Amino acid sequence: MKKYIVHLLRKNLVPLAVFTLFCIVVFAVPVLATNYYDWNGHWNNYLPSMHIGTYIAALGALCVIIPIWIFSYKMNRRSIDLHYSLPLSHTKVLVAHFLVGLILLYSAYTISCFVGFLVLILKVRRLHLVYYFYMYLSLILPAFIVYSTTAFLFTRANTMRDGIFTVIGGHLLLPMVMYTVAALFSAYEPYPYEVTGSWFFAFTPFVRISRRTYVDAIETGVLVPWAEYYGSSASELKNALFLTGGLIWAALSVAATVGLIFTEKYSRAENCGQVSSSIFSYKLQLPVYSVLLMAAALSGISSGEADAILAVLIAFVIFLLSLLYKRTIKFGWKYAVVIAACLIGGILVAVIAGEYLISPV
Amino acid sequence: MIEVTGLYKSYGKNVVLQDAALQVGDGDIFGLVGINGAGKSTLLRLLSGVLRRDAGSILIDGEEVYENERVKRKLFFLPDDPYYTVNLTGRQQAAFYKNFYDFDDEIFKGYLEKFSLSAEKPIRNFSKGMKRQLFISLALACRPAYLFLDEAFDGLDPLARLEFKRGLIELQEKGTSVVIASHSLRELEDICDSFALLDGHKVKSYGKIEGELARLSKFQLIFERDVEREDLPFECLHFEKTGRVIRVVVRGDAEEVRSEIDALGPLVVDEIPMDFEDVFLYEVEERGYLK
């Protein structure tokens, strides 16, 4: 297996260079192209978090792109024939790819981070490098969360296209649940903190790949206990949401890593290229999204604020995604009934929420 | 030795192999034949540990293949359309296999010279036949104890086929068992000791090629009177009538059939030699394929 990992690393040197360059460009170009004024109006003087957002976004992109790249061997029958007939168990092949993907991710991250530091030092007169070191360390675990969950979701599908849709759908499912709940509540009782947007982002796996992690690391040095954050003011509620989301995705990340490795020997190589019928893919995602999107779109139905055109648009999008899933317009009556029931279910949820669960203002 | 018993494999609701059974002895060259979609590639992928069986067993040297690294170290699978990455060269692919097999550089270089191939050029620039030659060179250089080849002769020119067959025989002499799925039946007849015919999800017949050829006889007959299939006192695997000339293929002892034909008083009786392609054609024709 060691030899195989070394082989994979050698094979991925060019992609590593590309990934690293991508991060460096995203980080360094805006830094070099802009002149900065500090709080006292000094030009290109000390700045604690210059362009850190763009760099964090680049890292977030890598955490999705690298697992898709590294596990693409499972999406091609010819590649499957080569990799699965090697004198390695399927599980070892998968673990080797998982480790190599992590090495690529962290190598690209580390190299680009330190090259970025150098660029900053050249550009800015006085710089507290310690902030960037905080950033570097604080994003290592969050990157693993996105990497592992992306790897798990992607490998549930049988084609590249389905894998990408499964990753997008899987990453946004929990946020969509939370967003829908927030939308249903806020439609009838204006929420004091207007946290609807935060309810969404706080439950994506990217929740900790954000400036917040970096700011937490700077301001507290350690994670402030969850209980201390919870529910005393709007900003603290946001913090609590971000911490809760982070904890949920950390747990999901562990589950995804264990699931990825231990389900491999039960996976069926012949499914490669076939319809992606995993419960983690379209099969469950589309019915759940049908309910959630419809309920969220019609959350103001009882107060007469529902958008019928949006509801029709959602039904059309679900239809298009069903075409992608089934690869035919002949969905089969069972599937059509399930989707229709879920769309109607979403409307009912909105109506019931308005009529019975929440007191209209 | 490879022992397959009660093998069952389906792709969803589509049954591909059902209660398939066969044995491949040590040092045998074994031909796997069957119409398109008969399950040859599936069987090879099962033998190679790529696919997991639904039921039955596949034993190589007494051990299950699937997820068994010890067994998989002994085998090499060359699929019909081998995988390679965009800029991969033959040399790089050889380096890859060296990680897993007792790769013989001299054998590899020898075949590259015979086939006039460059190990430094990207594989994607090769023609279909050249790619086949390169991967065959790699497979032979890996010197596995079990070599599984899918559509092995596909795209090879006659000279390359000859070199390849020589290479397989050399491997066989060193004790390698080879399983080849191919539609090139004449090539299989040249080198295979035994065969299996896959049909109707099952191994319809398998055994020594010589034995199978001896079980079937082909006669060309001319009668003075008009003779139809029903007039013959034996069951015909194949009956073809052109004017007064009749060609029949019969299963059973050739001498006994001959005496039964003689009893009908034909003007001419010629026994025509059978080859492996005839065996295949008549066997699958019996099932009504491509009627």
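Note that this is a predicted model, so its numbers are computed, not measured. So you know, we letter chains A, B, ... as the sequences are listed, proteins then strands, and number each from 1. Both backbone and side-chain heavy atoms feed into the values below; hydrogens, waters and symmetry mates do not.
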Residue pair B:Y83, A:Y73: steps toward the side-chain contact (heavy atoms from CB on, under 4.5 Å) verdict: CA-CA 10 Å; B:Y83 178 75; A:Y73 80 95; 5.9 Å; no
CZ (B:F96) and NZ (A:K11) are apart, to the nearest 0.5 Å, by 7.0 Å
Mind checking whether A:Y4 and B:N99 have side chains closer than 4.5 Å, heavy atoms only? no
Heavy-atom check, side chain of A:K3 versus side chain of B:K98, under 4.5 Å: no
task: For the pair A:R77 and B:R45, evaluate side-chain contact (heavy atoms from CB on, under 4.5 Å) and give the outcome as yes or no after the intermediate values.
output: CA-CA 11 Å; A:R77 188 194 137 155; B:R45 294 174 89 209; 3.5 Å; yes
Bottom line for B:Y101: the part with an atom under 4.5 Å from chain A's heavy atoms is side chain
### Whether B:Y66 and A:H90 hold their rings parallel, tilted or perpendicular, with breakpoints at 30° and 60°
perpendicular
I want to check something: taking the side chain as every heavy atom from C-beta on, are B:Q92 and A:R10 in contact at a cut-off of under 4.5 Å?
no
Check your understanding: Distance-only, no hydrogens or angles: does the A:H7 side chain make a donor-acceptor pair with backbone N or O of B:A95 under 3.5 Å?
Key -> no
So OH of A:Y84 and CD of B:E67: to nearest 0.5 Å the spacing works out to 8.5 Å
For a side-chain contact (heavy atoms from CB on, under 4.5 Å) check, start with the C-alpha distance between B:K72 and A:L88, then their side-chain angles and the critical distance, and finish with the verdict. CA-CA 7 Å; B:K72 286 172 87 178; A:L88 288 172; 6.0 Å; no
In this structure, OG1 of B:T85 is separated from CG of A:L82 (nearest 0.5 Å) by 9.5 Å
Note: A:R268-B:D54 ion pair, threshold 4.0 Å (strictly below) = yes
So, the part of A:N271 with a heavy atom under 4.5 Å from chain B: the answer is neither
